[in-house]
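When a ligand or atom number is given, it counts from 1 through the structure's own listing order.
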Amino acid sequence: ARKCVLSGLWKNELGSNMTISAVNTDGGFTGLYHTAVTATDKHIRVSPLKGSQKPTNQRKQPTFGFTVSWTFSNSMTVFVGQCFMDDKGKETLKTMWLLREEVSSPGADWKATRVGTNIFTRIK
Ligand code: B9F
């Protein structure tokens with residue numbers, strides 16, 4: 001059976017795109033994230049991501065995690081997920097994310113984190 005590979009160009013159901021570079025021997029990778037959505041009127045800019053997966057070439061459907069440091073705000077999003085290969089050779093990334101917003105005081109902590117899911121499919 002073929003292995004699900006993280007490197008490449010991916011799109012999620014929101015229309016966001018990300019490019020993941022080659023995964024190194026330790027499982028580390030970097031990439032660029034272009035979100036299609038933002039909850040404010042902030043101007044969207046491509047943002048760097050950094051993550052790791054279980055050591056390459058050992059897992060057929062590897063688990064992984066990565067962090068996106070938004071260049072246009074003081075927020076970060078972490079994603080965790082798994083790379084799946086179906087019986088037709090189609091790859092999908094099933095993920096969950098947490099978005100942490102910078103708030104001005106501990107009293108505002110309760111509203112600082114958003115959670116959700118994203119499914120990515122390969123476009124290249
Ligand atoms: O909208 C976020 C943001 C941070 C500070 C002002 C705006 C940044 C973009 C997050 C994009 C999320 C979605 N895109 C995607 O592909 S990451 C998870 C989703 N998947 C307003 C204040 C704090 C948050 C929103 Fe903001």
Would you confirm whether [X], through its side chain, and [Y], through its main-chain N or O, come within 3.5 Å as a donor-acceptor pair?
X: Glu91; Y: Arg122; answer: no
X: Asn12; Y: Leu14; answer: yes
X: Thr92; Y: Thr121; answer: no

Considering all heavy atoms, the nearest Thr117-Glu13 contact: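 Result for this residue pair: O-OE2, 3.4 Å.
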Residue shell around ligand 1, heavy atom under 4.0 angstrom: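 Within the 4.0 Å shell of ligand 1, which is judged on heavy atoms, sit Asn12, Leu14, Ser16, Tyr33, Thr35, Val37, Thr38, Ala39, Thr40, Lys42, Trp70, Phe72, Ser73, Ser75, Thr77, Trp97, Leu99, Glu101, Arg114, Asn118.
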Where does the angle between the aromatic ring planes of Trp97 and Phe79 fall among parallel (under 30°), tilted (30 to 60°) and perpendicular (over 60°)?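 Aromatic pair Trp97/Phe79 classed tilted.
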I'd like to know if Asp86 and Arg2 make a salt bridge, using a cut-off of under 4.0 Å between side-chain N and carboxylate O.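 Salt bridge flag = no for Arg2 with Asp86.
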